[in-house]
There are 2 protein chains.
Amino acid sequence: MELRRLRSFAAVAEERHFGRAAARLQVTRSALSAQVQGVEREVGGPVFARTSRRVELTCAGELLLVEARRTLALADRALSVARQSVSGEVGAVRTGFLGVALLEDVLTADLRSFHRSHPRHGRPGPAPSFQDAPVERHAARPRTRHRRVGGGDRPGGP
Amino acid sequence: MELRRLRSFAAVAEERHFGRAAARLQVTRSALSAQVQGVEREVGGPVFARTSRRVELTCAGELLLVEARRTLALADRALSVARQSVSGEVGAVRTGFLGVALLEDVLTADLRSFHRSHPRHGRPGPAPSFQDAPVERHAARPRTRHRRVGGGDRPGGP
DNA sequence: AAAAGTTACGTTTTACGTAAAGATT
DNA sequence: AATCTTTACGTAAAACGTAACTTTT
């Protein structure tokens, strides 16, 4: 089962109307009809009860809708997390310090700002390895300002 | 992002080897390479660090792998639940009774058998509506044996 | 007649495999 | 030389849109 099909199914299920769902997905009704038929082939039975002038969910369709929504949400999340990672919005922040006087006015202010703008930074998942992202070391180069974190728009958007 | 791409990515991430992943997915290496490149285009950056003779995950790849596995598992579950529903393995069991003597030796045995073979029957999700599945009423037709539940192979397999 | 979903069919897009190339051990 | 990934390119499958068809109001 591909996400395209789950998206097609969910749109029809939520609109309870092929025409509106097709408009929402920006495809024609015939394309949408084919996708839904693909879903029903995979499922092995109907997910919609096409009564005249009305599209209702079958029992299998009700169950599928719940799971389809979860799956689609999780897929969006997967892409979002990965995108944030490449744009530097998700990851560990490693730093060191040499002189307290040097840092307390700059570093703490930026960390505060970071936590304000990224309240859910500490999320489940493995610890980032940072094999690619070089870490600036304040101890080794005390005069180097630590890199600004977050705030960048992520590229590659639709 | 389509599931095909997440499957390709996850296979390479788990095998840490394009050749083995391609064999697992039963496609050629070139097709797999193209899918992974598609993932990286969508993500906006590399998910693998192709060092010579070794494929390692980048930070974004590590995060994506966690979410990809969840998404793929959920998609499988969605299809499975819907398939079980059309084959009658998931749903509510409605019944009635007329004479205890008639039922206690047959109905209870079948219910016991059903619960043995479907221990996780009571799962989250909306209550099945059964607008399509007709319910046999023992009270109305006492002599009708209640329908056997479960045990059927589901059609539509790959 | 109007609206909704499906089918038929030609076109475009996507995915795939074979073969060759580039890179690394 | 041998292994592994990528690129080039022709082919097959999938998705799409236009238009015609069926059914229902």
Side-chain angles (χ1 to χ4, degrees), chain A residues 1-58 60-61 64-65 68 72 75 79 131-132 156 158, chain B residues 1-58 60-61 64-65 68 72 75 79 131-132 156 158:
Chain A
M1 178 70 71
E2 288 298 318
L3 289 187
R4 176 179 306 268
R5 298 205 163 149
L6 289 186
R7 288 192 198 100
S8 302
F9 161 75
V12 175
E14 288 167 4
E15 299 286 346
R16 283 182 159 69
H17 191 279
F18 275 75
R20 286 193 294 271
R24 197 172 109 185
L25 297 175
Q26 308 202 77
V27 295
T28 58
R29 290 170 216 136
S30 79
L32 189 55
S33 179
Q35 289 299 321
V36 170
Q37 286 174 346
V39 170
E40 294 182 320
R41 256 190 297 111
E42 284 193 77
V43 167
V47 293
F48 293 121
R50 283 91 154 170
T51 75
S52 52
R53 213 70 165 188
R54 201 164 294 167
V55 174
E56 294 291 337
L57 285 164
T58 63
L64 182 60
L65 179 57
L72 293 169
L79 186 57
Q131 59 219 1
D132 289 319
Chain B
M1 178 71 71
E2 288 298 318
L3 289 189
R4 176 180 306 268
R5 297 199 164 157
L6 289 187
R7 288 191 200 101
S8 302
F9 161 75
V12 176
E14 288 167 4
E15 300 285 346
R16 283 180 160 69
H17 191 279
F18 276 76
R20 285 193 294 272
R24 197 172 108 185
L25 297 174
Q26 309 204 72
V27 294
T28 59
R29 290 167 213 147
S30 79
L32 189 56
S33 179
Q35 290 299 320
V36 170
Q37 286 175 345
V39 170
E40 295 183 319
R41 255 191 299 110
E42 284 195 77
V43 167
V47 293
F48 292 122
R50 283 91 154 170
T51 74
S52 51
R53 210 71 163 192
R54 199 163 297 165
V55 175
E56 294 292 336
L57 286 164
T58 64
L64 182 60
L65 179 57
L72 292 169
L79 185 56
Q131 58 217 2
D132 288 319

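A note on names: the letters A, B, ... follow the listed sequences, proteins ahead of strands, and every chain is numbered from 1. If you're wondering where the values come from, they're calculated on a predicted model, not measured in any experiment.
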*Could you check if a side-chain atom of A:V39 sits within less than 4.5 angstrom of a side-chain atom of A:L64, using non-hydrogen atoms only?*
yes
[X] [atom1] to [N] [atom2]: how many Å, rounded?
X: B:R29; N: C:dG22; atom1: CZ; atom2: P; answer: 18 Å
X: B:R5; N: C:dC16; atom1: CZ; atom2: C1'; answer: 14 Å
X: A:R7; N: D:dC16; atom1: CZ; atom2: P; answer: 11 Å
X: B:E40; N: D:dT7; atom1: CD; atom2: P; answer: 11 Å
X: A:L25; N: D:dA15; atom1: CG; atom2: C1'; answer: 13 Å
X: B:Q37; N: C:dC16; atom1: CD; atom2: C1'; answer: 14 Å
X: B:L32; N: D:dT7; atom1: CG; atom2: C1'; answer: 15 Å
X: B:F18; N: D:dT6; atom1: CZ; atom2: C1'; answer: 9 Å

*Between A:E40 (side chain) and A:V47 (backbone), is there a donor-acceptor pair under 3.5 Å?*
yes
*To the nearest 0.5 angstrom, please state how far the CG atom of B:L6 sits from the CD atom of A:E2.*
9.0 Å
*Roughly how far apart are B:L3 CG and A:M1 CE, rounded to 0.5 Å?*
9.5 Å
If you only use heavy atoms from C-beta on, which nucleotide in [options] is closest to the side chain of [X]?
X: B:R50; options: C:dT6, D:dG17, D:dT5; result: D:dT5
X: B:R4; options: C:dC16, D:dC16, C:dA4; result: C:dC16
X: B:A31; options: D:dT5, C:dG17, C:dA15; result: C:dG17
X: B:H17; options: D:dC4, C:dA15, C:dT7; result: D:dC4

_I want to confirm an ordering. Mapping B:S30 and B:R20 to their closest nucleotides on DNA chain D, which one lands closer to the 5' end?_
B:R20
*Only one of B:R41, B:R50, B:R5 clears side chain to side chain contact (heavy atoms under 4.5 Å, CB included) with B:V36; which?*
B:R50
_Under 4.0 Å, counting only non-hydrogen atoms across every strand here, what does B:R54 touch: a base, just sugar-phosphate, or nothing?_
nothing
*asked:* If the cut-off is 4.0 Å, is B:Q35 near the phosphate of C:dC16, judged by side-chain N/O to OP1 or OP2?
replied: yes
